[in-house]
Each structure stands twice: as C-alpha cells, then as structure tokens.
Asker: 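For reference, the structure I am asking about is given below.
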Protein chains: 2
Amino acid sequence: MTIDELGEFGLIARIGRSLPSTGKEVIVGIGDDVAVLRGEGDMVWLATCDVQVEGVHFLREATGPYDLGRKALAINLSDIASAAGSPRFALVSLGLPRGLDVAFVDGLYAGLGEEARLYGVDVVGGNITGTRGGVFVDIFLLGEAKRDEVTLRSGARVGDAVLVTGTIGDAAAGVALLLDPRLSTSAAYAGLARARMDAPSPRVEEGRILGATRKVGAMTDISDGLAGDLGHICERSGVGARLYAEALPVAPENRALALSAHADEWHYALHGGEDYELLFTVPAAEASGIADLVRRETGTQVSLVGEIVDAGRGSELELPGGRVVPLEARGWDHLRAGEAEGRA
Amino acid sequence: MTIDELGEFGLIARIGRSLPSTGKEVIVGIGDDVAVLRGEGDMVWLATCDVQVEGVHFLREATGPYDLGRKALAINLSDIASAAGSPRFALVSLGLPRGLDVAFVDGLYAGLGEEARLYGVDVVGGNITGTRGGVFVDIFLLGEAKRDEVTLRSGARVGDAVLVTGTIGDAAAGVALLLDPRLSTSAAYAGLARARMDAPSPRVEEGRILGATRKVGAMTDISDGLAGDLGHICERSGVGARLYAEALPVAPENRALALSAHADEWHYALHGGEDYELLFTVPAAEASGIADLVRRETGTQVSLVGEIVDAGRGSELELPGGRVVPLEARGWDHLRAGEAEGRA
C-alpha cells in the first residue's frame, strides 16, 4: 500500500498507534493542532510545526520571498491561535537549492521577522541545509496558554453552535485564479483573493479572547477546508455536525467562481483550504454574545454557521430551501496533492 | 551573490544580524548548537532542529528507513547532549514523495520510536506533507537542563585542554567506502565505519556528566568535522586552538583510507563530519580527572587532543615530529554540498 492510498490522516493515525505512549508531562500528544505540554504553575506549553514546500504549497515564480516568510510563520501562528495560546519562540529549518540568490533569503527573513515582530515571537534558532529540489521553510513554534483556557479539537457537544471567524473560500479562489487562466472575476475580488492566499491573517487575538471566555467546546483552524476541519472536530469530539449553506461567510464573487469551476457554489468555502480562520463551538445560548465580543474587541466578524448533532448523523449541509445533503469531508490531503476523499 | 558563495555559516550570521533582538526569556538565541530559553526555577529549555534530506544526507537505496528514523532523532539528541541537557519532547516534520510505500513510514517510525524510547523522549506531534522530490525528516527537539550546567560553544579559555569523546573519522570513512568503490579496508573496519555512519551514538549521558562537573569551558558536538566544529568554539569563545595529530582518537584503518583517498592521513578525522562525538574544553589541571570520570561512568573513552591558545594564533595542527601547520576549517558546508573552505 502506498501513502497516497492511505492518505494523510490515515497515516497520522497509524503513526500515533505505532509510537510508545507518552509520559505524564504530555497533556495532549499526536492528533490535535498542537501538542500540549505541562508548564510552570497553571501554564502549559503548546508546540506545533508546519512547512511550506516549493511546488506543493507555493510556486517560487508566483510568491515572493517576503510573502513566503510571513506565511510560513502565519500558518504556525494559526495553530497556536486554534488552541487559544500566545506564540512565543520559533525555530526555522530552511532547505535551499544550490545557486539560490542570497536576496531570496534576505526577503524571506524580512517577511518572517516582520510577522514575528507583529505577533511577539522571538526567532531563536534553526537550521539550514542544501536540497536537490526546491525551497522548503519548516517552522517549529512554541506558545503558551493557561491550562484551563486551552481549546482542542475535542470538546464539542451535541447542541453546540458552530461558528467561524472572517470569511472563507477566498484563498482557494486565489489559487484557482492563479492556476486556471479561464477563470475571471472582478479586479477587486481577484486582489482580495490573492492577498488571502499570499498573506493569511492568523487569528491569534481572536483565539485568546475565545479561550478566556472558557465557553468554547472545540476549536481548530481552517487549513484543510471547512468540511475537512469540521470533520476533525467531529472525529475527536465523537459528534456529528450540520452546516447551513446560506449562513457561510462567503463572498458572492467566490460563489460565482466556484460555480463556474466546480458546478458547486460552496466548493471553495467547504473544500478549499488555507483560510486560516478559526472554527469553534460554543453552547447555543452563548453564540451571539461571544460573536459580539470577538467582533467588538478585534473588529473580526464571527458567523454562526451550524450546529453539533449526534455522531450517527455524520456531517450534513443544509442547502438554501431546506434540503439536507451529506457533507463530504473532501479537504486538502497533502499526500494526495489535491482534493480527495478525506478520512476525517 | 548566491548562497553557495556566502556559505552556510556566513548565511547564518547574516540571518542573525537581520532579525529583531530577542526578549529577556531568550538566554541564547541563534548561533549555538541549541537555543536556551528560561524555564521553571533553575531549569532552562533547550531547543534545536536538524533535518535529513534524501540525496543530501542519505541515499534511500543505501540507508533503510529504520536506520534513517534512528539517525534523524540521534543527530538532534547530539545537539542537546552538547549543551549538557536531557532530551524531552520531539516533533517530527515529514516530507514524503507520492507513491512511497507505507512500509517505509512504518520502518522510519520503528527506528525513531526505538531511539526515543532509549533516550526518554516523547514524540508529541509533527506534520506530514507531500514533496515533489525525495524524503525529508525534519525533527524539532526540546530538552531541559539546569541553568548553571548548560555548556555552550562560548566559554573556552586560553590554557584549557581540548578533549573529545569516542573515536572520530569513522562515519566519513563509511561514506567514502559507500561512494568510492576503489577504496578498500578490512571487513571489520568497513562494518564499523558503516555502523558509525548509519547509527550514530549521541553522547547524552556523557554530556550530562560533563555539565554536572561545572568545569567545562565550551562544548559542541562534532557534526561538521573536528576542525570545523573546533572553529565554531574558537569563534564564539574568541580564542585559538592547537590540536596534536598523534593524540587524535583515529583508527589505523581510518588513517590508511584517508591517506589513499586524500593523501592526508588525518583527513577524515579533521574534516569528515557526522561523528556526533562531544568536543569540549576544561581547565588543563582537570583534564585527566574528567576524562576518567566519563570513562568510568559510561565506558566511553575520552581523549585529550589539544589546547586552547590565543586568538591571534588561529587554529593549528601539531604533526608527529613537532611541525605545526595551520588547521584549515574545512568542515561540511550544507550549502556547498561538499567539503569547502569553512568560514568559522
């Protein structure tokens, strides 16, 4: 069997089963957005890593080194945000092909340094190696949180409301516009989609505010697509979920693009990936108050997009008009290098 | 200017200068074997990362996945050992090409899990991505140490003795025997050299014993070659060094191989790399006592191989017979993908 046949999440589960069990200092190990490690007093450490690989996550001719540096850190900040943590220390492992101009590395670190400064992260070390292929930027990020404020993929309860920050599907539309010259949209939306693809805004402050309410059931960031990441919450929490299509925070231009490219106006919103928004659950009675709180404190919109249901119902999508269809968890699978049937 | 022209260590220095200065929680940042971060009470956290890239650090047809998994963790354990720390938590960032057999990943994690178990490390998370090229295994390792026992590259003083654990040059001979079919040696030494290349023994216990003496001036691990890594100590400590060729712990077969391949019997010992032995300095009067202590407690031999001298003298090698020659810091440079003039 090949890794593509097993899929990214099947492989992660297999690895988790194969490793020795961890010690009592490890509060959460493999399988969530971050590892949670016992810290000082009532604090815990959060540890995560994520990589940008040339030809897989970015094209060097399309993404400049400054944007790449910012994004490589941003996608890790988003993981810390999903656990309601504060990012602290980063290590940067670079793979660089022979003959690369030093200006590329200068630009990469200018972006990375700016993102670190904005979010209060110290870059404390790393590694540099040559590669036979392209560039990779692998970042390891440590954050901190109060133990009883940490939010995980587990913890969603039947009846909870499902909420999402910001808008979704834009980054996927940006990728589609870059790769498929037949697609067209307004110049304004093309620019927005491109910016969302190149420069995601990790929701660190929003995550901290949500954690501090101590009302969040489960939280994750949307990196693999809303349907796929909701699937991760359902799997870890032992629940199902229903999304309301009409409530999804999706730009009309995004729906038009998805309709023309995939004959499904919700395609980018549900299956696109790289939104780096927060997806979370709270008790239904708290939903509007918590959405207001985040909007008031950060200016970021929060939308109520669904509800948590029995595990037996799986994941469903309620279409405009009331028809309910199964929600396929077709998120981004990094081993299949494209959209595929997810296993979440 | 390309990165090859600047070189790995020139590039690291350039990156260090470009980044914002770090906060007061960062005791040691970029430029040593590990970052040192303030921990609880008198403890500090040590953070490091290192990667194995197919075609650069290993050939998949020559190194099995089990050995690769062990080695990928071992080279990081060696960095924690060089700071006299205890390894604790690892994250594993894998890059895997499409079509790879799942058995490869199973083997990799069997090796990695065994190495983790032997050294008391919890594997707490990671990431998996597809690649367009080969495999990479990037590991982030966190360790702990008592703050006043941490050993760094800085701290060597004029008059200190220079010591090294184990034997050196064997891994480089293993690589040479693999790549150059014209070389020959005894079957016994070929097996030893191959084992040292495939399965380095990180000197974690030796490092802890050395740190606990509180007598160590500077310490690093030998990953880039003795001459290059001694250069790192000299640069960070502001000193020079003299090595005694006859005192180097090198197998006679190793010297014979180096003589036939490089017309220099000390070539692998000085410039080979991947020894993953500890190189350290202590006050001259303490050298034999400390060497005895490590040998008694761990069974690992420790050799007195040189002395720390004025920075103005640079690095020198005293040949058998007493002639002294400049010691070129030709270590492994990952950006030049071969032996090159180092900048340390």
Side-chain angles (χ1 to χ4, degrees), chain A residues 1-4 6 8 11-12 14-15 18-20 22-23 25-26 29-30 34-35 37 39-40 47-51 53 55-56 88-89 91 93 95-96 98-102 105-106 109-110 113 116-117 122-134 136 138 140 142 334-335 337, chain B residues 1-4 6 8 11-12 14-15 18-20 22-23 25-26 29-30 34-35 37 39-40 47-51 53 55-56 88-89 91 93 95-96 98-102 105-106 109-110 113 116-117 122-134 136 138 140 142 334-335 337:
Chain A
M1 183 168 51
T2 70
I3 56 168
D4 329 29
L6 185 56
E8 180 181 359
L11 194 57
I12 291 171
R14 187 179 176 103
I15 289 168
S18 80
L19 284 168
T22 51
E25 304 288 296
V26 181
I30 289 172
V34 298
L37 309 173
E40 188 171 359
T48 189
C49 62
D50 203 353
V51 66
V53 177
V56 176
R88 299 296 302 279
F89 307 111
L91 295 176
S93 178
L96 304 174
R98 272 192 93 115
L100 187 70
D101 200 285
V102 171
V105 182
D106 289 345
Y109 268 90
R117 192 187 62 73
D122 284 328
V123 178
V124 298
N127 188 66
I128 300 181
T129 187
T131 67
R132 293 289 172 98
F136 69 76
D138 202 2
F140 167 65
L142 274 176
H334 285 99
L335 297 181
Chain B
M1 183 169 51
T2 70
I3 57 168
D4 329 28
L6 185 57
E8 180 181 358
L11 194 57
I12 291 171
R14 186 178 176 104
I15 289 167
S18 80
L19 284 168
T22 52
E25 305 288 296
V26 181
I30 290 173
V34 297
L37 309 173
E40 188 170 358
T48 190
C49 61
D50 205 354
V51 66
V53 177
V56 177
R88 300 295 302 281
F89 307 112
L91 280 84
S93 178
L96 304 173
R98 274 191 92 116
L100 187 71
D101 200 286
V102 170
V105 182
D106 288 346
Y109 268 90
R117 191 187 64 71
D122 284 328
V123 178
V124 297
N127 189 64
I128 300 179
T129 187
T131 67
R132 294 289 171 97
F136 69 77
D138 203 2
F140 299 99
L142 277 174
H334 286 98
L335 298 182

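All of these numbers come straight from a predicted model, not from anything done at the bench. Each chain gets a letter, A, B and so on, in the order the sequences are listed, and its residues count up from 1.
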Asker: List the residues meeting side-chain contact (heavy atoms from CB on, under 4.5 Å) with B:T2, not counting sequence neighbours, and say none if there are none.
Answerer: B:D4, B:E5
Asker: Between A:V123 and chain B, with a heavy-atom cut-off of 4.5 Å, which part of the residue counts as in contact: side chain, backbone, both or neither?
Answerer: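 Contact with chain B is through both the backbone and side chain of A:V123.
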Asker: To the nearest 0.5 Å, tell me how far B:Y109 OH sits from A:L19 CG.
Answerer: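 Atom-to-atom, B:Y109:OH and A:L19:CG are 6.5 Å apart.
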Asker: Please state whether the side chain, the backbone, both or neither of A:F140 comes within less than 4.5 Å of a heavy atom of chain B.
Answerer: both
Asker: Taking atom OG of B:S93 and atom CG of B:N127, what is their separation to the nearest 0.5 Å?
Answerer: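 Taking OG in B:S93 and CG in B:N127, the distance rounds to 5.0 Å.
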Asker: What part of A:L91 gets within 4.5 angstrom of chain B, counting heavy atoms only: side chain, backbone, both, or neither?
Answerer: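 Both parts, backbone and side chain.
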Asker: Side chain, backbone, both or neither: which part of A:V102 has a non-hydrogen atom closer than 4.5 Å to chain B?
Answerer: both
Asker: Among A:A110, A:G23, A:C49, A:G29, which residue has the highest count of heavy-atom pairs closer than 4.5 Å to chain B?
Answerer: A:C49
Asker: Picking from A:G99, A:G95, A:G39, which has the most non-hydrogen pairs under 4.5 angstrom with chain B?
Answerer: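 Ranked by contacts with chain B, first place is A:G99.
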Asker: Rounded at 0.5 Å granularity, tell me how far OG1 in B:T48 sits from CG in B:L142.
Answerer: 10.0 Å
Asker: Check whether any side-chain heavy atom of B:D138 lies under 4.5 Å from a side-chain heavy atom of A:F136, and answer yes or no.
Answerer: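 Sidechains of A:F136 and B:D138: in contact.
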Asker: Identify which of B:V34, B:V105, B:I12 forms the greatest number of heavy-atom pairs closer than 4.5 Å to chain A.
Answerer: B:V105
Asker: Against chain B, label A:I15 side chain, backbone, both or neither, depending on which of its atoms sit under 4.5 Å from a heavy atom there.
Answerer: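 Side chain of A:I15 only, per the 4.5 Å heavy-atom cut-off to chain B.
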Asker: Which heavy atom of B:V56 sits nearest a heavy atom of A:T131, and at what distance?
Answerer: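 Heavy atoms only, the tightest pair is CG2-CA, 4.0 Å.
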Asker: About how many Å separate CG of A:L6 and CZ of A:R14, when rounded to the nearest 0.5 Å?
Answerer: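 Reported to 0.5 Å precision, the distance equals 6.0 Å.
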Asker: Can you measure from CD (B:E8) to OG1 (A:T129) and round to the nearest 0.5 angstrom?
Answerer: 7.5 Å
Asker: Side chain, backbone, both or neither: which part of A:S18 has a heavy atom under 4.5 Å from chain B?
Answerer: side chain
Asker: Top residue by heavy-atom pair count (under 4.5 Å) with chain A, among B:A47, B:P20, B:G134?
Answerer: B:A47
Asker: Do you know which of A:I30, A:V51, A:D122 has the most heavy-atom pairs with chain B at a distance under 4.5 angstrom?
Answerer: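 Heavy-atom pairs under 4.5 Å are most numerous for A:D122.
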